[in-house]
Amino acid sequence: MRKLFTAWNIVLIVVFATLFLSVVYPIFFIFKASFISNETGLLSLESYRAFFHYPYYLRCLRNSLFVSAASTIVAMILGIPFAFFLSRFHVPGKSIIKTLGTLPLILPTFIGAEAWLILLGRNGILYNMFHKIGLDIPTIYGWKGIVLVFSLQFFPFVFLMVSAAINSIDSSLEESATNLGATKLRVFRTVTLPVVTPSIFAGGLVVFYLSIENFGVPILIGEDFRVLSVQAYNEFISEMGGNPSMAGSLSMILLAITLGLTVLQKYWVERKSYAMSFLRPPEVKRLKPLPTFLIWLFCVLLVFVALFPFIVVIIASVTKTQGPVMYFGQFSFDNFVKAFTLAPRPILNSFFLSTTATLVGVVFGIVVSYLVVRRRGPVSYLLDLLIMLPLAIAGTVLGIALAATYNKGPIVLTGTWLILALAYFIRKVPFSIKTTSSLLQQIDTSIEEASINLGVPPLLSFIKVIIPIMLPGILAGAIIMWVTTLAELSSTIVLYYGPWTTMTVEIFQRIGSGDFGPASAYATILIVSVLIPLFILNKVLGKDLASSL
Amino acid sequence: MRVIIKGITKRFGALKAIDNASLTIKEGDFFTLLGPSGCGKTTLLRTVAGFYSPDEGEVIFGDQVINDIPAHRRETGMVFQNYALFPHLRVFDNVAYGLRARKVSSGEIRQRVESILKSVQLDGYEERYPSQLSGGQQQRVALARALVISPKVLLMDEPLSNLDAKLRVSMREEIKKIQKMLGITTIYVTHDQEEAMAVSDYIAIVNKGKIEQIGTPYDIYYKPRSRFVAEFMGSSNILSAEVASYDDEKELLRVKINEDTVQIRTPKPSSESIMLSLRPEWIQIVGEEARSQPNVFAGTIVSSTFLGSMLRYVISGFGGQPLSVEIHDPQNAQVKEAGDNVLFRFDPDRPVILDK
Ligand SMILES: Nc1ncnc2c1ncn2[C@@H]1O[C@H](COP(=O)(O)OP(=O)(O)OP(=O)(O)O)[C@@H](O)[C@H]1O
Ligand SMILES: [Mg+2]
């Protein structure tokens, strides 16, 4: 028992080493790089000085904060009424509206951006259509487009969190307020709102975080409107050899923001606790036909507009294309045939990388959950904190950190698939750990002890008893990890190289060169590959997306 | 299998959850650890099972010190408070689990599982999942699962505490019956003194990690050695007294409690000032005609409570001390009211002199 090199201690060392090498050290590496002058190679503050001196860089920061704030506000404006309507009123087709309403948050944002380019780009069909009749409607480029895409894809987070809060209000609470003589408005202001407010903020924080760390959307439709993540990428990748110091300092500034947001979020989540006894969920009211219709229309329209881009992409994928010219209305499977026969590598690469990262992630997730939940102590507490660190790092920043660290020196990983798998694994493994550890917490230790007592050694007891009990949850976590890694772009774009192009990179590059047909074919394959596992999750395991995220 | 616990101490940080506990359990005995919540019963039981390793002392099965044998090789059968059935396995597989771990042939597994399920009256439930069973049935599965491996020692940690009162009584009788039938050495943990008395051959009273007293249920009840034991096993009137005289021939002690002189038949106590335990049912309310008998005293009724099978008085006696008195089968008793002056007496054989 008191031996230092028990099996568990070795596991602990492996776990910490993995975290150190894949997150802590790379981040430290670019942190250091950001303080090194490009010219002299000596310690200097020159990058940070440049950042705060040139309006060009400062504008990136301002732009990032601005689009994120704007998207957060719009997502709230959409998500809060959506949540209220669906939880409080009778709406026809409610369950399907709810399911479809959560979908945008799992669909890749840059595919949404692609669809808007197809519609409202400089060569977009809607744009052309209006142009022909002499009307110049606004294009998608710039901050407005970014805000549109973000708010349509991220409003479900506000919706989910606010709904959960609304449904946790015991109806007797509002009833007793009414009984005490409060008007409807007063009840809303004094009872409902205070309970829901923390969730609105929590949802808003998530939207803000996702917006500021996003890379695909601003790079595709931002054009001159540069944000931090895009600028860090540009500095790092730049054809003139790149500027690791500047890329490092931009990454550090983005990291400071995302870390701050994560801490704030943790603080909010821990603070908000509705200790409701949950006796009776709030009453679902049936309104008069006209208001019901208006509410229904709002919900349906919102879901439709949010999912419309993906329908457009699917339609585009089966549309006859010639270079950048698309013949809408003319059906063709060419894009798919080409994707599968001429360039199937990206598809296979994506599947291989996601599957590898997920398999390793599941095992890692189980092991870490066990350490955190069952072997309480200062070490496991540290582990618990450390493991959530990747959640606070933007994909681009992690990509840059890994690429810079493992480019030369004792361990060289750039130019191999390993670095991609590593990035996928470390970015998404916190999800796997979250689901498994919350499950493990619910399983009484005596179940394991019963097995040990009956003659099965501890490790085997865990495998024979605990893992089967947790299996549905483990699978759900694995599915979420698989679909989110499959759609990963921001670190992939920094880390991939020729033979290891993924579907996401392929789509991204095709969009860049205006080949919307093939891009849409890959995008459709990606969308289907994401939706099928989610469907399985829902039907076979009886879990919905909301409860697994 | 005989079990010996020799000077076991177990610390959690600064807390001594078990403090130098020693006891011996003979082969086939039903031995109960009884004590209030948090006294260390579970800790001691888990130390025997091998889930905790003691800081000091030895656990001995038969003649073998088993401190270094890990839990999964100790061959104990443990029944957990929350049953700890495997939710993903059917009743049959739950019970067969330990046999499979021992690589018993499948034919023998079937036969042994079926026979043990029959003895806990669960034949026919093999294909159910634990969630499809009532609390009492789950309890029986847990018992069957622990017994089927023919463990050296059966360990039970408050196995009945999740059942309702009626079921608790019938289950404890069943457990006792099966235990006697199989003749298996058993350590049983409970904080319910009635349950302990009903099932045990021997009881160890545990208090703050220390074993206060070990004995048969009769010994523990009639010969409590400490104030803690006297008060924990049923209720007791605890009285301080000063030794007045001792008659060696008759083994009769006279003590003074305030102004009254009380006679007690007992060996000579070592100290001049002593503490007595007097159970409420040992005291009778008597009429004037009993005045001439020994140990008759005057008191005043303070309160009177009718509880069906008994009548409970609180009497102010021995110079104003509250004394609890129980009259069983009170139907024909002449019921006294608060304020009534009465006479009460008890047998000189009854009072117990406590150590501390
Ligand atoms: N794993 C542990 N770590 C630290 N302290 C513990 C641990 N287990 C028990 N204790 C402490 O040791 C003491 C004895 O606990 P134990 O569980 O043995 O009591 P118990 O007699 O079984 O009580 P109950 O009747 O409530 O089950 C308690 O004060 C408890 O808080
Ligand atoms: Mg206990």
Side-chain angles (χ1 to χ4, degrees), chain A residues 1-11 366 369-370 373-381 435-436 438-478 540-543, chain B residues 42 45-46 48-55 67-89 93-104 129-131 138 141-159 162:
Chain A
M1 272 287 172
R2 288 186 202 91
K3 273 180 291 178
L4 200 60
F5 282 94
T6 59
W8 278 114
N9 282 346
I10 293 168
V11 169
I366 293 170
S369 300
Y370 186 86
V373 176
R374 290 286 201 254
R375 321 217 128 212
R376 294 263 167 104
V379 178
S380 68
Y381 184 73
T435 43
T436 27
S438 73
L439 271 169
L440 194 55
Q441 240 145 20
Q442 290 161 20
I443 300 174
D444 202 291
T445 34
S446 61
I447 302 241
E448 256 165 290
E449 287 171 354
S451 166
I452 295 171
N453 179 259
L454 290 168
V456 179
L459 185 60
L460 202 58
S461 286
F462 187 77
I463 294 170
K464 280 179 74 170
V465 177
I466 303 302
I467 291 186
I469 298 174
M470 293 202 300
L471 203 58
I474 292 174
L475 277 179
V540 181
L541 300 171
K543 294 191 185 255
Chain B
T42 298
L45 196 75
R46 289 170 63 83
V48 175
F51 293 124
Y52 290 148
S53 54
D55 296 309
N67 283 27
D68 291 331
I69 296 183
H72 65 276
R73 299 222 318 271
R74 286 207 182 175
E75 310 262 331
T76 61
M78 183 142 176
V79 179
F80 292 81
Q81 184 169 1
N82 59 356
Y83 318 139
L85 297 180
F86 306 127
H88 63 302
L89 298 181
D93 298 311
N94 257 286
V95 178
Y97 190 91
L99 295 174
R100 294 210 171 108
R102 286 168 175 71
K103 308 266 185 293
V104 176
Y129 282 99
S131 59
Q138 291 181 28
V141 176
L143 184 62
R145 185 178 69 178
L147 286 171
V148 76
I149 58 171
S150 310
K152 290 176 176 165
V153 185
L154 180 63
L155 306 173
M156 292 193 258
D157 191 356
E158 310 208 19
N162 284 345

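Throughout, protein chains are lettered first and strands after them, A, B, ... in sequence-line order, and every chain is numbered starting at 1.
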* Asked: Pick from A:S461, A:S451, A:P468: which one has the most heavy-atom pairs with chain B under 4.5 Å?
  ->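 Counting heavy-atom pairs under 4.5 Å, the top option is A:S451.
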* Would a distance-only check, ignoring hydrogens and angles, find a side-chain to backbone donor-acceptor pair under 3.5 Å from B:R102 to A:L454? ->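 It does hold such a pair.
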* Contact summary for A:E449 and B:F51, nearest pair of heavy atoms ->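 What the structure gives for the nearest pair is O-CZ, 3.3 Å.
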* To do: Mind listing the closest non-hydrogen atom pair of A:I447 and B:P87 along with its distance?
  =>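 Here A:I447 and B:P87 meet closest at CD1-CD, 4.0 Å.
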* Any chance you could measure A:M470, atom CE, to B:H88, atom NE2, to the nearest 0.5 Å? =>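 So the CE of A:M470 and the NE2 of B:H88 are separated by 11.5 Å.
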* **Among the listed options B:N82, B:L155, B:V79, the residue most often paired with chain A at heavy-atom distances under 4.5 Å** =>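 Between B:N82, B:L155, B:V79, the count favours B:N82.
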* Find the one option among B:R74, B:R73, B:R145 whose heavy-atom pairs under 4.5 Å with chain A are most numerous. =>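 Among B:R74, B:R73, B:R145, the one with the most close pairs to chain A is B:R145.
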* Asked: Given a strict heavy-atom distance threshold of 4.5 Å, which part of A:T445 is in contact with chain B: side chain, backbone, both, or neither?
  ->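 A:T445 has no heavy atom closer than 4.5 Å to chain B.
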* **Interchain contact, B:R46 with chain A, by part (heavy-atom threshold 4.5 Å)** =>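 It is the side chain, since no backbone atom gets that close.
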* Of the backbone (N, CA, C, O) and the side chain (C-beta and beyond), which part of B:L85 lies under 4.5 Å from a heavy atom of chain A, both, or neither? ->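 Contact with chain A involves the backbone of B:L85 alone.
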* Within a strict 4.5 Å, meaning less than it, do heavy atoms of the A:D444 and B:F80 side chains meet? ->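 No, side chains not in contact.
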* To do: Go through the steps to decide whether A:I452 and B:H72 satisfy the test side-chain contact (heavy atoms from CB on, under 4.5 Å), and finish with yes or no.
  => CA-CA 5 Å; A:I452 295 171; B:H72 65 276; 3.8 Å; yes
